[in-house]
Structures are given as C-alpha cells and as structure tokens.
Amino acid sequence: MCSSWGTTEEPACPCPGMGVPSASTAVPLPRTPVHMHAGCGLPGRRVCGAVEAPLMPHVLALFSQETMPQTSVVFSSILGPSCSGQVQPGMGERGGGAGGGSGDLIFQDGRLISGSLEALMEHLVPTVDYYPDRTYIFTFLLSSRVFMPPHDLLARVGQICVEQKQQLEAGPEKAKLKSFSAKIVQLLKEWTEAFPYDFQDEKAMAELKAITHRVTQCDEENGTVKKAIAQMTQSLLLSLAARSQLQELREKLRPPAVDKGPILKTKPPAAQKDILGVCCDPLVLAQQLTHIELDRVSSIYPEDLMQIVSHMDSLDNHRCRGDLTKTYSLEAYDNWFNCLSMLVATEVCRVVKKKHRTRMLEFFIDVARECFNIGNFNSMMAIISGMNLSPVARLKKTWSKVKTAKFDVLEHHMDPSSNFCNYRTALQGATQRSQMANSSREKIVIPVFNLFVKDIYFLHKIHTNHLPNGHINFKKFWEISRQIHEFMTWTQVECPFEKDKKIQSYLLTAPIYSEEALFVASFESEGPENHMERDSWKTLRTTLLNRA
C-alpha cells in the first residue's frame with residue numbers, strides 16, 4: 001500500500017533525539033487468539049498483536065495503567081510563536097519578566113514558561129495598554145481548570161477588574177475607562193466562544209453578569225460596551241442551547257442492539273443481509289465511516305479533553321471522580337470505536353461458508369486500507385482490532401485462504417512497538433498534508449482517539465504541575481494546549497464525501513453479536529483445535545445450556 005504519507009518500508013521514528021527509540025524492522029504479527037479473561041472463557045482485546053486493556057466505557061478509569069504510550073514533548077507549534085509563549089510586538093507586556101518574586105512570570109528566550117497562579121491570572125486580564133495574546137488566553141483558560149473551577153477564575157478576574165477600574169477612576173487616566181472596558185468585554189467574548197460550557201454553571205453565569213454590570217457603567221453615554229455585552233450574551237445562550245440539544249439527541253441514540261445470537265447449532269441463514277449486500281465498494285464504505293467519525297468527534301470540545309488532566313489527581317481505586325456529564329462525548333466516541341470493532345467481528349463470524357468468510361475478511365482489509373489513505377486512522381484501527389479479536393483470529397482455515405499481504409502492511413503501520421512509532425510517522429505525514437492541503441479531502445486527519453487520549457494523560461503524568469519554586473509549570477500546559485488545539489482543528493474539517501444514508505444506517509444500527517455469540521459462531525464454523533479451545537468451548541456450551 002502506498003499513499004502520500006505511508007509506505008511499506010520502515011519509517012524513521014518521528015521523534016529523533018527525544019528519547020523514543022527507532023523502530024526495528026517490523027515482523028508481520030500473527031493472528032492468534034488473544035488470552036482469555038480469567039474465569040469467564042471470553043477474550044481480551046488484541047490490537048495489532050498486542051493485548052490491550054478494554055477501551056472505555058469509563059474513559060478515565062483506564063488511566064491508572066502504567067503501560068500507556070507516551071508522547072515526547074516538542075515545544076513547536078502549528079499556531080506560530082505565540083502558542084509557545086512568545087511575546088508579540090504591539091501586544092504590550094505584563095508581569096515581572098525574569099524577576100525573582102513569587103508573583104513574577106518567568107520567560108525564557110521570550111517565552112513564558114512558568115509563574116505563580118496569581119501572576120498567570122493577572123497576565124490574563126487586560127489593562128489600558130495591554131491585551132493578552134489569544135493563544136495565551138486559550139491555553140490559560142484551558143489549563144486553569146486543573147487548579148480551580150471556571151467560576152472561581154471568573155470571580156478572581158472580576159476582582160482584578162474592580163481593582164484596575166478603581167485605579168483608573170482615581171488617577172489621571174479616567175478617560176481610558178471606556179477602552180479598558182472594551183478590552184474586558186473582548187476577553188469575556190473570547191472566553192464564552194472558546195469554552196461556552198463553562199457558563200452552564202450557575203455560579204459562573206452569576207460572576208459573568210457581575211463583571212459585565214461593572215464594565216457597563218464605564219460606557220453609559222453611547223452604550224457601545226452594553227451593546228457588545230448583549231451580543232456576547234445572546235451568542236453564549238445560543239451555544240449553550242445548541243450543545244444541550246446535541247447532548248439530548250446523543251443520549252436518545254442507542255448503540256447497536258447486541259444480538260446474543262443462537263443458543264447452539266442454529267446458524268443464521270446464508271441469505272441474511274450483511275455489509276456486502278449494502279456496500280461492496282471498500283472506498284465508499286471508508287468514506288461513510290469517515291462521515292460518521294467526523295460527525296461523532298465534532299461533539300468533543302477542548303474542556304472535555306482537559307477533563308483527562310483536571311481530574312487526574314482525583315483518581316481513587318482506579319476511578320475518576322470527575323463530572324461524568326463532561327466526559328459523555330469522550331465515552332460516546334470511544335463506544336463507537338468498540339461498536340465498529342464488534343461489527344467487523346460479527347460480519348465475519350456469522351458467515352456460514354468459508355469462501356464467503358474469506359471474501360468478507362479481504363473486503364474489510366481493503367476498507368481499512370482506504371481509511372488509511374483518507375487519513376481516518378481511528379476507523380482503520382477499529383477494523384484491525386475487530387479482525388484481531390479472538391473469535392475471528394482463531395479461524396485459521398479461513399485465514400489460510402486470505403491474501404494477507406495488505407493486512408500485514410496495515411498491522412505494520414499500527415505496530416505498537418517503539419511507542420507506535422510507525423503510526424506516529426503516518427500521522428505526522430497526514431498532518432503535514434493537511435496543513436498544505438488544497439482540497440477538503442487532503443485536510444482529513446482522524447487520529448486513533450484512544451492513543452491521543454493516552455498521550456494527553458501521559459504528558460500530564462510525566463511532567464509535574466508545579467516547579468520546585470512553587471511556580472506552575474506552564475511549559476507543560478503550552479504543549480497540552482497545542483495538542484488539544486491541533487486535535488480540535490482536525491475535528492472542524494467538513495467531510496467532502498457524499499453521504500449515503502442507507503450505508504450509514506446499517507453501520508450505526510446493524511445488530512452486533514455479544515462476545516459469547518461470537519465464540520459460538522466461531523467454534524461452529526471451525527471447531528476447537530487445541531486443549532485450551534476445547535475447554536473454553538465446553539465451558540461456554542455448559543453456560544449457555546444452563547442459561548437456556
């Protein structure tokens with residue numbers, strides 16, 4: 001397989017000099033059954049030959065693992081120098097520079113790298129001669145929730161505004177009050193646009209009203225500030241209403257029904273509708289999967305992703321005490337990955353004839369390949385995961401008839417060794433293509449979401465929030481913000497492919513087998529071949545018969 005960024009040759013590691021070893025020559029991974037869960041005779045999940053812990057449903061519950069892939073921190077930015085804290089000309093400068101006071105901001109080569117929480121909050125608030133860089137506003141508003149809830153930050157911003165307003169009223173620059181008020185409104189406007197969900201909280205909305213009431217008093221003559229506040233408030237309420245409606249809609253959408261399958265020895269009829277009866281073109285199916293991916297991922301917001309970090313210290317007995325409503329989008333998107341994997345396994349295992357099963361496997365291999373070429377790595381990984389589930393992987397007679405060269409190349413790209421170095425090289429290439437794209441098709445980048453989430457987690461875990469001098473390690477939060485901003489940029493790409501409602505309906509609503517049903521179908525297609533499989537089959541038969 002080849003594309004604009006992927007080749008069949010071993011790529012160099014994308015992180016030279018950052019402590020990530022170069023990948024060795026990849027060896028095609030065997031399609032062998034995964035290990036069984038103790039006591040239940042059911043499989044774990046194998047991703048490209050490596051047994052993975054079950055993916056979400058509880059997104060943050062899996063962050064206690066010590067074996068997650070890590071992201072090397074590279075402080076470069078697609079947003080320009082300001083995203084890494086570069087002081088911009090004409091923006092003014094605030095804070096103590098390189099001074100040694102506990103409230104000072106520390107800059108290195110013109111870049112903000114640390115500061116006390118109080119100094120960082122003051123750096124957020126405009127003055128008569130200063131307005132913070134937009135990337136600083138985004139980064140601080142995003143990362144501040146690690147240290148305080150948004151309504152507390154709003155309260156402190158309001159206090160700083162009052163202090164500055166009083167100084168201006170008492171000094172010779174009283175005429176500049178209107179300019180100061182306009183800057184405060186602009187800051188609030190950027191906040192409400194970037195993080196509208198912060199204001200769903202009644203305390204935050206109350207603080208917002210208090211601040212806007214104060215600044216409105218500075219422009220009673222012509223009402224320019226008051227008009228801007230009214231427009232901002234209206235836009236905020238519309239955003240909150242739209243997001244609330246989206247969440248209600250998502251909650252109404254049920255995942256595909258789990259088909260428990262036949263009890264024993266009653267295979268589904270060969271004429272039963274399957275994916276090939278709906279769509280037999282791998283490219284078209286890959287395009288429809290991309291539609292679904294972009295639709296699902298568009299409901300994820302920066303603050304949802306920051307939940308991973310902001311509640312990390314609340315883990316107790318491998319559980320997170322975070323606000324579950326704010327992780328709903330993350331869980332829903334990850335559930336889609338799991339449903340797609342199980343759908344692939346169901347489509348393969350329920351086929352009666354070996355010849356047709358072989359065709360089904362080759363079809364999904366081609367679909368995964370087209371997903372790779374599009375830049376849809378999440379669907380590609382889900383399909384590979386489905387084919388590596390134990391009920392599918394153990395079908396040796398079927399696999400012996402499959403032309404596996406293309407599948408070996410796909411597994412090579414998703415080889416977990418060296419921190420998924422091959423995948424990261426392909427992702428880096430897709431990102432570069434997206435940045436230089438002349439068409440919407442070339443802009444598509446859909447990363448493996450579970451790996452992205454784990455990267456953010458590990459970036460948080462291996463770098464401390466505070467430095468020895470008590471300052472916040474803002475260099476760390478620049479990088480977390482950069483990665484989240486890049487992800488959000490990918491989610492805003494409009495899908496260029498024509499939507500096929502019939503195909504999408506099948507992908508989203510087709511019944512999927514439970515793990516037990518998958519094993520029943522698998523063992524009935526190809527009987528157990530070793531002692532371990534015979535024991536598992538015997539246990540499963542006994543369980544199902546007793547249940548019947």
Side-chain angles (χ1 to χ4, degrees), residues 31 33-34 36-37 40-47 52 54-55 57 253-280 282 285-286 288-289 292 334-368 371 378-399 402 407 502-526 536-537 540 544:
R31 281 166 293 282
V34 298
M36 304 289 178
H37 289 308
C40 65
L42 295 177
R45 188 177 296 275
R46 176 177 292 275
V47 179
E52 281 253 323
L55 303 177
L253 292 176
R254 299 295 182 186
V258 175
D259 186 350
K260 295 183 179 180
I263 298 299
L264 287 172
K265 297 295 181 183
T266 52
K267 297 286 290 185
Q272 182 174 337
K273 186 178 181 181
D274 60 20
I275 188 64
L276 288 174
V278 177
C279 177
C280 59
L285 188 62
Q288 297 311 307
L289 287 171
I292 295 172
D334 188 78
N335 285 339
W336 153 247
F337 180 101
N338 293 334
C339 287
L340 179 55
S341 294
M342 294 296 285
L343 176 63
V344 170
T346 299
E347 292 289 326
V348 173
C349 288
R350 73 177 186 174
V351 177
V352 177
K353 296 182 179 180
K354 181 171 62 177
K355 180 180 179 180
H356 292 165
R357 282 198 304 276
T358 301
R359 184 188 174 199
M360 186 69 73
L361 282 170
E362 291 179 339
F363 174 73
F364 277 118
I365 291 170
D366 287 337
V367 173
C371 287
N378 200 56
S379 289
M380 172 192 173
M381 178 67 98
I383 292 170
I384 294 175
S385 298
M387 289 189 287
N388 273 320
L389 287 175
S390 187
V392 180
R394 62 166 299 278
L395 299 173
K396 295 180 180 179
K397 294 177 182 178
T398 303
W399 279 106
V402 175
F407 190 62
K502 181 180 178 181
I503 297 174
Q504 289 196 24
S505 176
Y506 185 88
L507 290 169
L508 293 170
T509 63
I512 56 177
Y513 280 6
S514 66
E515 288 184 310
E516 288 180 344
L518 284 174
F519 267 96
V520 169
S522 178
F523 281 128
E524 290 184 352
S525 296
E526 296 185 20
S536 297
W537 180 220
L540 183 58
L544 294 175

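Numbering of residues begins at 1 and proceeds along the displayed sequence.
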Point to revise | Non-hydrogen atoms of Arg350 and Asp274 that approach each other most closely | key: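 Closest approach of Arg350 to Asp274: NH2-CA, 3.2 Å.
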Mind checking the [atom1]-[atom2] spacing from [X] to [Y]? Nearest 0.5 Å is all I need.
X      : Y      : atom1 : atom2 : result
Cys371 : Met381 : SG    : CE    : 12.5 Å
Ser341 : Leu389 : OG    : CG    : 6.5 Å
Ile383 : Leu340 : CD1   : CG    : 5.5 Å
Met342 : Asn335 : CE    : CG    : 12.5 Å

Check: [Y] and [X] side chains under 4.5 Å, non-hydrogen atoms:
X      : Y      : result
Ser522 : Val392 : no
Trp336 : Ile292 : yes
Thr398 : Val351 : no
Pro391 : Tyr513 : no
Ser525 : Arg357 : yes
Asp366 : Leu285 : no
Glu347 : Phe363 : no

Original post:
Under the salt bridge (Lys or Arg N to Asp or Glu O under 4.0 Å) test, which residues partner Glu362, sequence neighbours left out?
Top reply: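 If we apply the salt bridge (Lys or Arg N to Asp or Glu O under 4.0 Å) test to Glu362, skipping adjacent residues, there are no hits.
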When Arg394, Glu526, Met387 are each screened for side-chain contact (heavy atoms from CB on, under 4.5 Å) with Trp399, the one that passes is Met387
